[in-house]
Amino acid sequence: MSALLKSLVVVAALAAGALATFNARQSAYMASTSQALAAGTQHETAIVLTGGPGRVSQGLALLSAGRVRHVFISGVGQGVRLEDLPDTQSLPQALVSCCVTLGYEARDTIGNAREISRYLQGKAPGPVYVVTSQFHMPRALAELRAVMPQRKAVPISVASQMSRRDIAYEFTKYVAALVRLRFAP
């Protein structure tokens with residue numbers, strides 16, 4: 001076997017292993033989400049990363065159920081107001097206005113992590129719920145751990161349907177994030 005072929009086999013094996021790990025983490029996050037929701041644990045804050053269906057409604061459901069006191073929604077489009085979010089219409093307006101904060105700075109997952117870290121500075125040091133899609137959770141948690149390693153993040157994964165192409169793209173971004181974070185100064 002040539003050296004090039006051996007190298008390709010090693011790279012393919014590493015990629016297959018990384019993809020299996022990525023899929024296993026998604027399954028583990030979905031299982032831990034079920035456990036966290038069943039346990040009824042309360043935390044001060046739920047962090048919601050925008051970008052997919054069900055995320056905002058899940059974060060607000062935690063607030064409505066008394067599981068959190070505050071919800072921070074990161075990565076909201078410029079000009080969007082609380083009253084523009086359909087999910088806020090079913091909650092008492094006083095609860096929404098006191099306890100939901102919109103973050104407008106983030107444009108990607110790296111930006112989400114930075115925006116969330118700034119928001120949490122000076123707040124209670126306990127764990128926070130992190131709400132995002134099951135496919136986005138591994139990368140979101142990696143980015144959050146990089147900017148706030150002392151803060152425990154409890155994943156609340158929202159089930160989502162993605163094509164194989166979308167999953168491959170998210171996996172590629174996850175691997176790139178791990179490499180970048182591993183070698184970041």
Legend entry - Q161, CD: over 12 other non-hydrogen atoms inside 6.0 angstrom: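 Not more than 12 within 6.0 Å, no.
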How far does [atom1] of [X] sit from [atom2] of [Y], to the nearest 0.5 angstrom?
{"X": "L63", "Y": "Q58", "atom1": "CG", "atom2": "CD", "result": "12.0 Å"}
{"X": "E170", "Y": "F135", "atom1": "CD", "atom2": "CZ", "result": "9.5 Å"}
{"X": "S157", "Y": "M137", "atom1": "OG", "atom2": "CE", "result": "3.5 Å"}
{"X": "D87", "Y": "L60", "atom1": "CG", "atom2": "CG", "result": "6.0 Å"}
{"X": "Y104", "Y": "I73", "atom1": "OH", "atom2": "CD1", "result": "9.0 Å"}
{"X": "E143", "Y": "T109", "atom1": "CD", "atom2": "OG1", "result": "6.5 Å"}

Inset, instruction - Measure the acute angle between the ring planes of F72 and Y119, then classify it against the limits of 30° and 60° as parallel, tilted or perpendicular. - result: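 Parallel.
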Got [X] and [Y] here, is their nearest side-chain heavy-atom distance under 4.5 Å?
{"X": "R145", "Y": "L181", "answer": "no"}
{"X": "H70", "Y": "T101", "answer": "no"}
{"X": "V71", "Y": "T45", "answer": "no"}
{"X": "T33", "Y": "Q134", "answer": "no"}
{"X": "I156", "Y": "V130", "answer": "no"}
{"X": "V100", "Y": "L91", "answer": "no"}
{"X": "M148", "Y": "Q150", "answer": "yes"}
{"X": "V48", "Y": "Y129", "answer": "no"}

So does [Y] get a backbone contact from the side chain of [X], meaning a donor-acceptor N/O pair under 3.5 Å?
{"X": "R67", "Y": "Q42", "value": "no"}
{"X": "S64", "Y": "A61", "value": "no"}
{"X": "E105", "Y": "G75", "value": "no"}
{"X": "R55", "Y": "V131", "value": "no"}
{"X": "S117", "Y": "A113", "value": "no"}

Please find the pair of heavy atoms, one from [X] and one from [Y], that lie closest to each other, and give the distance.
{"X": "A146", "Y": "P149", "value": "O-CD, 4.2 Å"}
{"X": "G111", "Y": "A106", "value": "C-CB, 3.4 Å"}
{"X": "A36", "Y": "V154", "value": "CB-CG1, 4.1 Å"}

Should [X] and [Y] be regarded as members of a common hydrophobic cluster, given that ILVMFWY residues are connected when their side-chain heavy atoms come within less than 4.5 Å of each other, either directly or indirectly?
{"X": "L141", "Y": "Y174", "value": "no"}
{"X": "L37", "Y": "L49", "value": "no"}
{"X": "L85", "Y": "V158", "value": "yes"}
{"X": "L62", "Y": "I47", "value": "no"}
{"X": "L82", "Y": "V80", "value": "yes"}

Inset, instruction - Going by the side chain to side chain contact (heavy atoms under 4.5 Å, CB included) test, name the single residue among T132, L102, N112 that passes it with S74. - result: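 Per the side chain to side chain contact (heavy atoms under 4.5 Å, CB included) rule, the option paired with S74 is N112, out of T132, L102, N112.
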Legend entry - Option passing salt bridge (Lys or Arg N to Asp or Glu O under 4.0 Å) with E44 (candidates R151, R69, K123, K152):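 Passing option: R69.
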